[in-house]
Amino acid sequence: MRWVAGADVATSRFSTWAWAGVVVLRYPDLQVVEEQYGSAELTFPYIPGLLAFREIPLLLDLFARLRHRPDLLLVDGQGVAHPRGLGLASHLGLLLEIPTIGCAKSRLCGYHATPGRKRGSSVSLRETGRTAGRAIGYVLRTKNGVRPVYVSVGHRISLRSAVRWTLACCRGYRLPEPTRQAHLLVNRLRRDAEGSPRCRIRAIG
DNA sequence: GCGACAG
DNA sequence: ATCTTGTCGC
C-alpha cells in the first residue's frame with residue numbers, strides 16, 4: 001500500500017454549482033502528495049440511492065488528470081450498503097478499476113445495533129428485506145465517543161480489509177484522512193468562491 | 001398510504 | 001449537503 005486517495009464534493013446553497021476534489025496521500029504517514037480539483041454545474045438532483053449520477057461526472061474528470069495511480073480510494077458515501085448494492089463508492093471503483101471503500105457518515109439502508117463507544121468498536125450492518133440478516137457493511141467507531149461511520153465494500157476489497165484500512169487511515173479524527181482531506185479541500189474551494197456567509201450578509205446589508 | 005432516505 | 005456561535009465535555 002503506497003497511495004491512498006480520498007474524494008468528495010461540496011455543493012452550493014445558492015445554485016447547482018459544485019466543487020469536487022480528489023487527494024492522494026502517501027501511506028502510512030498520510031501526507032497529501034497530490035490534489036486535483038475543479039467546479040462545475042450539477043445536472044442531476046440529489047436523490048437517495050442515486051448519488052452516483054450526481055457526483056461521478058465531476059469525479060471522473062479529476063481522476064483523468066491524476067498523476068498518481070491510487071492503490072486504494074476511500075469515498076464519502078456507501079459502497080454495496082445500498083438498496084441495489086451499487087452505491088457511489090462501488091460505482092466509482094468499477095469505472096476506475098481501482099479498489100474502493102465506501103465510508104459514509106450516516107446510514108442509507110440496513111439495520112444495526114449500537115457499537116461500543118471506543119475507537120475500533122464495530123457492529124455489522126445488516127440487510128433488510130427478503131435477504132435480511134446478510135452483512136452488507138460495518139458500523140465502525142473511528143474515535144472514542146463520536147458518531148460511528150458506515151463502512152462497506154466498494155470495489156475489489158473484502159469487508160474485513162475495508163474496516164481495517166479505514167481504521168488504519170484515521171489520525172485522531174472521526175473521518176479517515178483521505179476523506180477528511182478531500183472534504184477540507186472542497187469546502188475551502190467553495191468558501192473561496194462564495195465567501196463566508198457573514199461576509200455575504202455584510203456585502204448586502 | 002406512510003415513513004425512510006449516502007450527499 | 002447547507003445554515004451557524006458559542007459552548008459543553010474529554
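Chain identifiers are assigned alphabetically (A, B, ...) following the order of the sequence lines, protein sequences preceding nucleic acid strands; residue numbering begins at 1 within each chain. All values below come from the heavy atoms of this structure, side chains included, with hydrogens, waters and symmetry mates left out.
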Heavy atoms under 4.0 Å, any strand shown: does [X] hit a base, just sugar-phosphate, or nothing?
X: A:Gly145; answer: nothing
X: A:Arg191; answer: nothing
X: A:Leu42; answer: nothing

Presence of A:Arg190 side-chain N/O under 4.0 Å of C:dT2 phosphate oxygens OP1/OP2: yes
Looking at A:Asn187, I'd like to know whether one of its side-chain N or O atoms comes within less than 4.0 Å of OP1 or OP2 on C:dA1.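 So the side chain of A:Asn187 is outside the cut-off, no N or O lying under 4.0 Å from OP1 or OP2 of C:dA1.
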What side-chain donor-acceptor pairs closer than 3.5 Å can you find for residues 58-67 of chain A, not counting sequence neighbours?
{"from": "A:Arg65", "atom 1": "NH1", "to": "A:Tyr37", "atom 2": "O", "distance (Å)": "3.1"}

Which other residues belong to the hydrophobic cluster containing A:Ile136, where Ile, Leu, Val, Met, Phe, Trp and Tyr are joined when side-chain heavy atoms lie under 4.5 Å apart, directly or via other members? A:Val123, A:Leu125, A:Val139, A:Tyr150
Side-chain hydrophobic cluster, 4.5 Å single linkage: members besides A:Val186: none
Restricting to nitrogen or oxygen on both sides, can you table the protein-nucleotides 8-10 of chain C pairs closer than 3.5 Å?
none

Stem ranges of DNA chain B by first residue number, counting only runs of at least 3 Watson-Crick or G-U pairs under 3.5 Å, come to none
Side chains of A:Arg126 and A:Ser124: is there a donor and an acceptor less than 3.5 Å apart?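 Yes, because at least one side-chain N or O of A:Arg126 sits under 3.5 Å from a partner of the opposite role on A:Ser124.
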Donor-acceptor contacts, no H, no angles, side chain residues 80-98 of chain A, under 3.5 Å, sequence neighbours left out:
{"from": "A:His82", "atom 1": "ND1", "to": "A:Arg84", "atom 2": "N", "distance (Å)": "2.8"}
{"from": "A:His82", "atom 1": "ND1", "to": "A:Gly85", "atom 2": "N", "distance (Å)": "3.4"}
{"from": "A:His82", "atom 1": "ND1", "to": "A:Leu86", "atom 2": "N", "distance (Å)": "3.3"}
{"from": "A:His82", "atom 1": "NE2", "to": "A:Gly49", "atom 2": "O", "distance (Å)": "2.8"}
{"from": "A:Ser90", "atom 1": "OG", "to": "A:Gly79", "atom 2": "O", "distance (Å)": "3.4"}
{"from": "A:Ser90", "atom 1": "OG", "to": "A:Val80", "atom 2": "N", "distance (Å)": "3.4"}
{"from": "A:Ser90", "atom 1": "OG", "to": "A:Gly154", "atom 2": "O", "distance (Å)": "2.9"}

Kindly list each side-chain donor-acceptor pair under 3.5 angstrom involving residues 1-8 of chain A, sequence neighbours excluded, with atom names and distances?
{"from": "A:Asp8", "atom 1": "OD2", "to": "A:His183", "atom 2": "ND1", "distance (Å)": "2.7"}

Which residue pairs satisfy the side-chain hydrogen bond (donor to acceptor under 3.5 Å, both in side chains) criterion with at least one member in residues 41-50 of chain A, sequence neighbours excluded? A:Thr16-A:Glu41
Which two nucleotides bound the region of DNA chain B that has atoms under 4.0 Å from heavy atoms of chain A, read 5' to 3'? B:dA4 to B:dG7
Each base of DNA chain C marked ( ) or [ ] if paired in-strand (Watson-Crick or G-U under 3.5 Å), | if paired to another strand and . if unpaired gives ..........
I need the residues from residues 89-109 of chain A with at least one non-hydrogen atom less than 4.0 Å from DNA chain B; give them sorted by number, or say none.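 Of all residues in residues 89-109 of chain A, the ones placing a heavy atom under 4.0 Å from DNA chain B are A:Ala104, A:Lys105, A:Ser106, A:Arg107, A:Leu108.
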Could you work out, with side chain to side chain donor-acceptor pair (under 3.5 Å) as the rule, every residue matching A:Ser121, not counting sequence neighbours? none
